[in-house]
Amino acid sequence: MGRDKSRKRAQSSSDESLDSEEEARLRDLRERDEFADRLRKRDEDKTRKVLESSSSRKAYEEAAKRLKLEIEDREKILPQLRVQSRRKYLEKRKDDKVAELEADILDDEYLFEEKILTDRERKEREYKKQLLTIAKEHEKARELERVQRYHMPQDVKKGETEEYVEVDERERQPNSEQKKWESEQLASAMFQFGAKDAKIKDEYDLLLDDQIEFIQALTMEGSKSKDKKPEITETEKHKMDIEETKKSLPVYPFREDLIAAIQEHQILIIEGETGSGKTTQIPQYLYEAGFTKDNKKIGCTQPRRVAAMSVAARVAQEMGVKLGNEVGYSIRFEDCTSERTILKYMTDGTLHREFLSEPDLASYSVMIIDEAHERTLHTDILFGLVKDIARFRPELKLLISSATLDAEKFSQFFDDAPIFRIPGRRFPVDIYYTKAPEADYIDACVVSVLQIHATQPLGDILVFLTGQDEIETCQEVLQDRVKRLGSKLKELVILPVYANLPSDMQAKIFEPTPPNARKVILATNIAETSLTIDNIIYVIDPGFAKQNNFSSRTGMESLMVVPISKASANQRAGRAGRTAPGKCFRLYTAWAYKHELEDNTIPEIQRINLGNAVLMLKALGINDLIHFDFLDPPPHETLVLALEQLYALGALNHHGELTKLGRRMAEFPVDPMMAKMILASEKYKCSEEIVTIAAMLSVNSAIFYRPKDKIIHADTARKNFNHIHGDHLSLLQVYNQWAETDFSVQWCYENFIQYRSMKRARDVREQLVGLMQRVEIDMVSSLPETIPIRKAITAGYFYHVARLSKGGNYKTIKHNQTVMIHPNSSLFEELPRWVLYHELVFTTKEYMRQVIEIESKWLLEVAPHYYKAKELEDSTNKKMPKTAGRSTMTV
DNA sequence: GAGCACTGC
């Protein structure tokens with residue numbers, strides 16, 4: 001309705017300007033395609049090199065330095081520089097050689113640990129190790145020397161520019177914290193403890209108050225017999241020859257049939273439970289069957305980074321090659337592949353990004369979408385994209401791999417593709433329900449844990465809770481109860497685990513349970529799919545989880561506790577049957593399971609803001625998104641909102657086509673508004689600051705640490721960073737101060753800042769800086785001036801503006817919705833007239849999180865097409881326009 | 001005067 005009116009307005013506007021408008025549109029499209037061509041060419045050059053991103057950045061820095069030199073007095077500095085560069089070269093060469101040696105030894109041990117070595121081989125390995133020790137000791141000695149020299153600057157010749165940096169070089173490595181966490185995950189995925197003897201010990205006859213009555217309803221069938229212990233323990237498996245291990249996997253007998261089916265059909269749905277070996281084996285079978293001829297690759301996507309890495313490592317080991325050569329993986333911040341790579345594991349998001357540079361997947365002969373049943377946003381979009389490609393690339397094979405239940409649905413979506421079933425390897429799990437609903441499930445969890453501990457044979461317990469808060473409460477209550485019961489019970493080790501928990505504390509859940517004790521792990525949904533803990537025999541499932549929902553009507557996110565789905569409940573129960581037969585206690589009735597739980601969790605694509613996804617699809621040339629082939633289409637309003645926003649940001653023209661600006665925005669793995677902000681920093685000459693703010697906003701409010709016992713200290717520390725103009729600038733101060741301390745851990749600790757989040761912000765920042773260079777933006781700083789920074793933010797987020805109304809409330813300009821400044825904000829007590837917010841969240845009230853003060857006239861400056869001067873008049877006597885001015889647009 | 005499930009680019 002409103003849109004029609006505005007369209008008419010556009011039509012009636014002067015006809016002569018139409019021609020020039022059309023011309024501008026065509027010119028923009030031309031420029032957009034030229035830009036895309038430039039990117040493609042650059043990418044092609046890049047892929048020829050084995051080492052890419054970091055080396056190209058170094059090359060860039062070198063070039064910049066060289067340029068600077070031209071201005072300075074070349075004659076004077078050159079001889080000195082020559083000496084210096086020679087020294088640096090030798091230094092670097094030594095470092096490289098040491099690293100190479102170290103990698104060599106690791107590889108050697110990794111690949112051939114089970115093999116019996118000849119005397120010569122053993123000696124060689126010993127020699128290498130010795131060499132490495134010596135090299136390291138030498139380095140240590142030098143390190144000491146360096147520190148001493150630092151205190152004697154008079155030793156340095158005047159004019160010599162040698163740097164004496166004391167920073168721990170390992171800390172300076174990008175992603176080191178991430179890597180630490182991942183390597184821990186990796187280790188836990190690869191080395192498994194043998195199944196512990198779960199002998200029935202003498203049972204306690206202990207009466208607990210208010211026991212919960214459970215009734216056993218059914219047993220989730222396993223493929224293994226109930227009474228038998230696993231016939232192959234993990235340690236034995238390690239000793240087995242790799243070939244034999246491969247043959248023992250459930251998928252092995254299907255090898256020939258599977259290859260035949262793939263040869264016959266273009267698309268195949270593979271239904272198989274975890275533990276069938278499909279993820280590691282199928283790509284190898286395909287390789288052996290010749291699918292990688294003609295320089296083609298086999299790709300396999302995973303929803304998680306750790307999975308992509310660990311599976312690739314396992315397959316490389318099985319094939320006896322070095323990881324990163326024939327078998328590699330590619331995840332954000334880390335590309336471990338080379339031109340030789342033929343089996344490539346990657347995260348679904350990485351493949352999604354790869355589409356931008358290779359929209360037809362030309363370098364792949366087979367693409368496997370693994371864990372499709374998890375229905376991540378990226379997987380869902382990939383479905384539509386690969387289905388489309390399969391139509392014009394008949395030689396491309398597609399394998400969609402999923403757990404049970406969903407296979408039929410996938411088959412229907414992919415034009416009735418045949419389903420290939422592979423059995424899994426799992427133990428049966430007895431399922432128990434409560435007789436009556438439980439009112440307080442935390443209390444019910446505590447009681448159940450004690451009940452199991454008192455009456456059931458040894459074996460660890462896994463409890464699913466919804467969040468950190470619940471976990472902490474439960475932990476306290478449980479500890480208290482155990483203390484009161486005293487020595488009547490065996491030892492109970494209580495361990496929490498959730499994503500925001502520091503990694504060293506997370507790692508504790510993987511430590512073996514002490515003898516004669518029982519471990520209780522209180523976990524969030526992280527233990528449902530992301531972490532796999534061995535030796536869990538009992539699972540307690542209250543049936544709830546926190547879920548994020550996005551409302552396109554209000555543009556608001558809300559994190560709410562909701563009942564889980566049947567699929568999720570079964571996934572949780574399955575966690576009890578990994579190493580031996582297990583039991584799952586559901587704290588709800590069988591009736592509730594049957595009638596109240598949905599079959600499947602609502603897929604992500606229907607629950608979140610699709611701004612970035614829509615921009616990506618547009619960048620891939622998919623113009624008609626409303627009719628895009630989604631497995632489950634997102635709500636119509638969400639798509640419309642995303643398109644409207646992209647239009648308002650100038651990423652789409654009035655024909656709904658991608659503009660040059662939009663093409664540049666699509667390069668950034670961030671929301672469109674943030675991408676626009678980053679690009680606007682070019683104009684306002686504050687790219688250094690904006691990219692920091694973008695990185696800090698991306699780590700999602702996990703920066704300030706508030707331990708329960710030191711809340712006052714933490715809050716005071718936080719207030720020290722507050723900036724009078726708002727939270728974005730506070731975040732900037734946090735980052736810059738941290739950077740000044742050379743990214744110190746100690747500093748974070750002293751200021752109640754989460755080191756892990758800061759590291760992540762630093763990684764994100766580095767990636768964004770790389771991308772900015774890619775889209776041809778210079779890095780410049782505007783400090784101490786902050787107005788340009790706030791203007792650049794406004795250029796991206798002019799959609800997110802609210803004004804103080806008479807009642808002391810804020811009203812959003814867009815929806816005239818009442819919202820409040822979040823109490824954590826530095827502007828909470830300031831109440832400026834005009835504010836810009838980063839996000840709207842509904843918790844107990846409608847809150848704006850991350851707020852800055854702006855001036856209304858900036859809105860006219862950065863978005864003249866979106867705001868009219870009249871509606872921004874500040875005088876409160878004047879009538880406010882009912883709706884915000886909206887420009888024309890056809891979706 | 002509030003409160004952050006989990007992934008991923």
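As the structure is a prediction and not an experimental result, all values here were calculated from the model. Chain identifiers are assigned alphabetically (A, B, ...) following the order of the sequence lines, protein sequences preceding nucleic acid strands; residue numbering begins at 1 within each chain.
Side-chain proximity of Lys845(A) to dA2(B), dG1(B), dG8(B): nearest is dA2(B). Side-chain atoms of Ile526(A) lie closest to dT7(B) of the nucleotides dA5(B), dA2(B), dT7(B). When the nucleotides dG1(B), dT7(B), dC9(B) are ranked by their closest atom to the side chain of Phe828(A), dG1(B) comes out on top. Picking from dT7(B), dA5(B), dA2(B) the nucleotide with the shortest atom distance to the side chain of Lys546(A) gives dA5(B). Candidate nucleotides dC9(B), dC6(B), dG1(B) were compared by shortest atom distance to the side chain of Asn824(A), and dG1(B) ranks first. Distance from the side chain of Arg607(A) is smallest to dA5(B) among dA5(B), dT7(B), dC4(B). With dC4(B), dC9(B), dT7(B) as the choices, the nucleotide that has an atom nearest any side-chain atom of Pro669(A) turns out to be dC9(B). The side chain of Gln468(A) lies closest to dA5(B), out of dG8(B), dG1(B), dA5(B).
Remark: Arg849(A) fails to qualify as a cation-pi partner of Tyr837(A) under the 6.0 Å distance and 45° angle criteria applied to the six-membered ring.
Tyr498(A) has no side-chain polar atom (N or O) that falls below the 4.0 Å cut-off from OP1 or OP2 of dC6(B). Between Thr350(A) and dC9(B) there is a side-chain N or O to OP1 or OP2 distance below 4.0 Å. Remark: Arg332(A) is not in phosphate contact with dT7(B), judged by side-chain N or O atoms under 4.0 Å from OP1 or OP2. Between dC6(B) and Thr524(A), a contact under 4.0 Å exists linking OP1 or OP2 to a side-chain N or O.
A donor-acceptor pair shorter than 3.5 Å can be found between the side chains of Ser825(A) and Asp727(A).
The nearest whole Å value for the distance from the CD atom in Glu334(A) to the P atom in dG8(B) is 13 Å. To the nearest angstrom, P of dA5(B) lies 11 Å from CG of Asn548(A). The separation between Ile331(A) atom CD1 and dC9(B) atom C1' is 11 Å, rounded to whole Å. As rounded to whole Å, 13 Å separates atom C1' of dC6(B) from atom CD of Glu557(A). For the pair Ile753(A) CD1 and dC4(B) C1', the interatomic distance rounds to 15 Å; values are reported in whole Å. When rounded to the nearest whole Å, the span between CG of Leu501(A) and C1' of dC4(B) equals 14 Å. Rounded to an integer number of Å, the gap from Asn525(A) CG to dC6(B) P is 8 Å. Put simply, CD on Gln302(A) is 15 Å from P on dT7(B), counting in whole angstrom units.
Here Thr529(A) lies out of heavy-atom contact (under 4.0 Å) with every strand. No engagement by Gln547(A) is indicated, since no non-hydrogen atom pair under 4.0 Å with the nucleic acid exists. Residue-level contact check: Phe668(A) touches neither bases nor backbone, having no heavy atom under 4.0 Å from any strand. Using a 4.0 Å heavy-atom distance criterion, Ala545(A) is classed as making no nucleic acid contact. Using a 4.0 Å heavy-atom cutoff across all strands shown, Thr376(A) reaches no nucleic acid atom at all.
Each salt bridge (Lys or Arg N to Asp or Glu O under 4.0 Å) pair with one or both residues in residues 711-722 of chain A, not counting sequence neighbours, appears once here: Arg706(A)-Asp715(A).
Within 6.0 Å of the CD atom in Glu776(A), the count of heavy atoms belonging to other residues, nucleotides or ligands exceeds 12.
In terms of the side-chain hydrogen bond (donor to acceptor under 3.5 Å, both in side chains) criterion, residue partners of Asp632(A) (sequence neighbours excluded) are, by chain and number, Arg375(A), Lys409(A).
Between His822(A) and Phe828(A), the gap from one ring centroid to the other reaches at least 6.0 Å.
In terms of position along DNA chain B, the nucleotide closest to Leu559(A) lies nearer the 5' end than the nucleotide closest to the other residue of the pair Leu559(A) and Arg304(A).
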